[in-house]
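What follows is one structure encoded as structure tokens, with my remarks underneath.
Everything numeric in this text was worked out from a predicted model, so none of it was measured. Residue numbers start from 1 in every chain, and the chains themselves are labelled A, B, ... in the order their sequence lines are given, proteins ahead of strands.
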Amino acid sequence: MYLKCDRIVGARKLFDRMPERDVVVWSAMIAGYSRLGLVDEARGLFGEMRSCGVEPNLVTWNGMLAGFGNNGLYDEAVGMFRVMLLEGFWPDGSTVSCVLPSVGCLEDVVMGAQVHGYVTKQGLICDKFVVSALLDMYGKCGFVKEMSRVFDEVEEMEIGSLNAFLTGLSRNGMVDAALEVFNRLKDQRVELNVVTWTSVIASCSQNGKDFEALELFRDMQAYGVEPNAVTIPSLIPACGNISALTHGKEIHCFSLRKGIFDDVYVGSALIDMYAKCGRIQLSRRCFDNMLAPNLVSWNAVISGYAMHGKAKETMEMFHMMQQSGQKPDSITFTCILSACAQNGLTEEGWHYYNSMSKEHGIEPKMEHYACMVTLLSRVGKLEEAYSIIKEMPFEPDACVWGALLSSCRVHNNLSLGEIAAEKLFPLEPANPGNYVLLSNIYASKGLWDEENRIREMMKSKGLRKNPGYSWIEVGHKVHMLLAGDQSHPQMKDILEKLDKLNMEMKKSGYLPKTNFVLQDVEEQDKEQILCGHSEKLAVVLGLLNTSPGQPLQVIKNLRICDDCHAVIKAISRLEGREIYIRDTNRFHHIKDGVCSCGDFW
DNA sequence: ATAGGGTTAG
């Protein structure tokens, strides 16, 4: 009873007072500790019972396996499994479903297949727990064929196994296949539970299907399935991804109505969502309201400040984190270094970079090198950035070379730009952005032949400049605007308004940054020039459809261009609006004609 | 026969 109520201390007192303890009591106590993640206590008792002359049985071993597996000690779980086999135990269905999740996490498909064979021989395949554990294991190992075979061979598919199968498909990049199976079953009126719905919502919001995730959330309720504390943090990232603040706030309210106040997953997801919707203060408030922030929560709040280019707050939070006793991980340092890079804080950047291995025992990874390269090269120390690359202990990847190339474009450094491009192109042959960067460097030097050569290269590979698009949420609808696309029903009004704004701006001395337009000579790009870049269109759409003074938030899939940046700054002054723009790199808070990035991005 | 152990969603 004590154990079922999670009263481990009470249970232990009772346990200690028992004059005689049989294997059942020991097993119950060990399982109790395992469930609460107190693995060391469980292990202690496991040793103790033997010295008390009680031999552990299959159930005792299963409890230990579950304890290790549920607390990330996969190696120990599998190791223990091997030992129990050596000691002559015959695993039953419970054993198998306890150990397979660990086998999967270790991607030890050899062991997994052996267990599969054993299970088949023993006739355990009719056990639903065993089936889902097998599906889960093959899914984690990336063996989709084997997973599907198990799925197809089982006669009566039970909901837990179906869920494991759907997750396995999504995990292996087959989101569409998972959705297809899901939709078919839904239409056949098969009873799907909250796990099924949550699973597909999560795979949508993790794979760029943010609108679909929001729709599924509505659907599940229409089907009478109640979202729970796992559904909420699976859905919230979708709102952040498309800057759907109104939706995000509604889901936040929904979770409060459901009585979810201090769930660490929900809290961390909210911190991230508000930051990505431009509301850094709300993001911070969510963090401050958390009772027990964990590493993910700290990283979320730190990354929020970094995303917004707020270096001072980024470091402050980092120091608070350490004072609280929370150890940073490599993601924490990526955030800090990227905040330094955005603000050109060379000295601080070096300091934190050096402290990583010296003070925190974290070896710099690819992304840290990429941050350092961005930091140094952006402030013009291109050679220093290049020497970091040369001294890296492993082969630099496309991010690192891309960081160098894009700074070479900012500083129009041809010689290093060519070196970076030569390394980068083979690594990312199909990324049009890279070719555009190099051709822009040539253009800036007036080397039109070279510039043309790169354009031809792109053409021969069938590559076109990625179309720019932007999103803006107006009321409950998220609008997507494509550069050069005239299809938005309000396009006439948008262009009219933009014209008016242009006139006003010219009166106050604004000159369009034509250097940016000169390079764009393709038909598609001409259209862009005529219609304006998508971020301008989105901002104007926001102006037209919201009441005066209301802030606007826009996201863009590419880096914001010089001209748009200047225009939107002017708009913020003329219209008295705060405008938040999130581009691929960071946030721009634009207010009264000034941008938080200080025109350095 | 019964106690004690299990899978799938973040």
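- One interatomic measurement links the two molecules: CG of A:L270 to C1' of B:dG10, which rounds to 13 Å at whole-angstrom precision.
- In this structure, the ring of A:Y223 has its center less than 6.0 angstrom from the ring center of A:W197.
- Judged by distance alone, the side chains of A:D210 and A:S205 never bring a donor and an acceptor atom under 3.5 Å apart.
- For A:N228 and B:dA9, a side-chain-to-base donor-acceptor distance below 3.5 Å is present, hydrogens and geometry of angles not being considered.
- Taking 3.5 Å as the limit, the base of B:dG10 and the side chain of A:D263 contain a donor-acceptor pair of atoms between them.
- The distance between atom CG of A:L135 and atom P of B:dT7, rounded to the nearest whole Å, is 14 Å.
- Between A:H308 and A:F587, the ring planes lie parallel to each other; the angle is under 30°, not in the 30° to 60° tilted range.
- Ion pairing between A:R82 and A:D108 holds under the 4.0 Å rule for side-chain N and carboxylate O.
- Rounded to whole Å, atom C1' of B:dG6 lies 13 Å from atom CG of A:L134.
- Residue A:D22 has its side chain nearest to B:dA3 when only B:dG10, B:dG5, B:dA3 are considered.
- Checked against B:dA9, B:dG10, B:dG6, the side chain of A:V194 finds its nearest nucleotide in B:dA9.
- Proximity of a side-chain donor or acceptor of A:Q221 to a complementary backbone N or O of A:E226 within less than 3.5 Å is not detected.
- Here B:dT8 is the nucleotide among B:dG10, B:dG5, B:dT8 with the atom lying nearest to any side-chain atom of A:S132.
- Counting heavy-atom neighbours within 6.0 Å of A:F318 CZ, excluding the residue itself, gives a total above 12.
- If you check every strand for non-hydrogen atoms under 4.0 Å, A:N193 touches nothing.
- Taking only side-chain atoms of A:R171, from C-beta outward, the nucleotide of B:dA9, B:dG4, B:dT8 with the closest atom is B:dA9.
- Following rounding to the nearest Å, A:K140 (NZ) and B:dA9 (P) show an atom-to-atom distance of 7 Å.
- Checked against B:dA9, B:dG6, B:dT7, the side chain of A:R35 finds its nearest nucleotide in B:dG6.
- Separating the CG atom of A:L179 from the C1' atom of B:dA9 is a distance of 14 Å, rounded to the nearest angstrom.
- To the nearest angstrom, P of B:dA3 lies 13 Å from CG of A:N57.
- For B:dG6, the base has a donor-acceptor partner in the side chain of A:S97 [N/O atoms by modelled type, under 3.5 angstrom].
- Across all strands, A:V96 comes closer than 4.0 Å to no nucleic acid atom at all (heavy-atom distances).
- For A:D92, counting side-chain heavy atoms from C-beta on, the closest listed nucleotide (B:dG5, B:dA9, B:dG4) is B:dG5.
- Taking the side chain of A:V230 as heavy atoms from C-beta on, and the options B:dA9, B:dG4, B:dT8, the nearest nucleotide is B:dA9.
- Taking every side-chain heavy atom of A:S234 into account, B:dG10 is the closest of B:dG5, B:dG10, B:dG6.
- Following rounding to the nearest Å, A:I201 (CD1) and B:dT8 (P) show an atom-to-atom distance of 19 Å.
- Taking only side-chain nitrogens and oxygens, A:N70 comes nearer than 4.0 Å to OP1 or OP2 of B:dT7.
- Within 4.0 Å (heavy atoms only), A:A269 reaches no atom of the nucleic acid at all.
- Rounded to an integer number of Å, the gap from OH of A:Y33 to C1' of B:dG5 is 18 Å.
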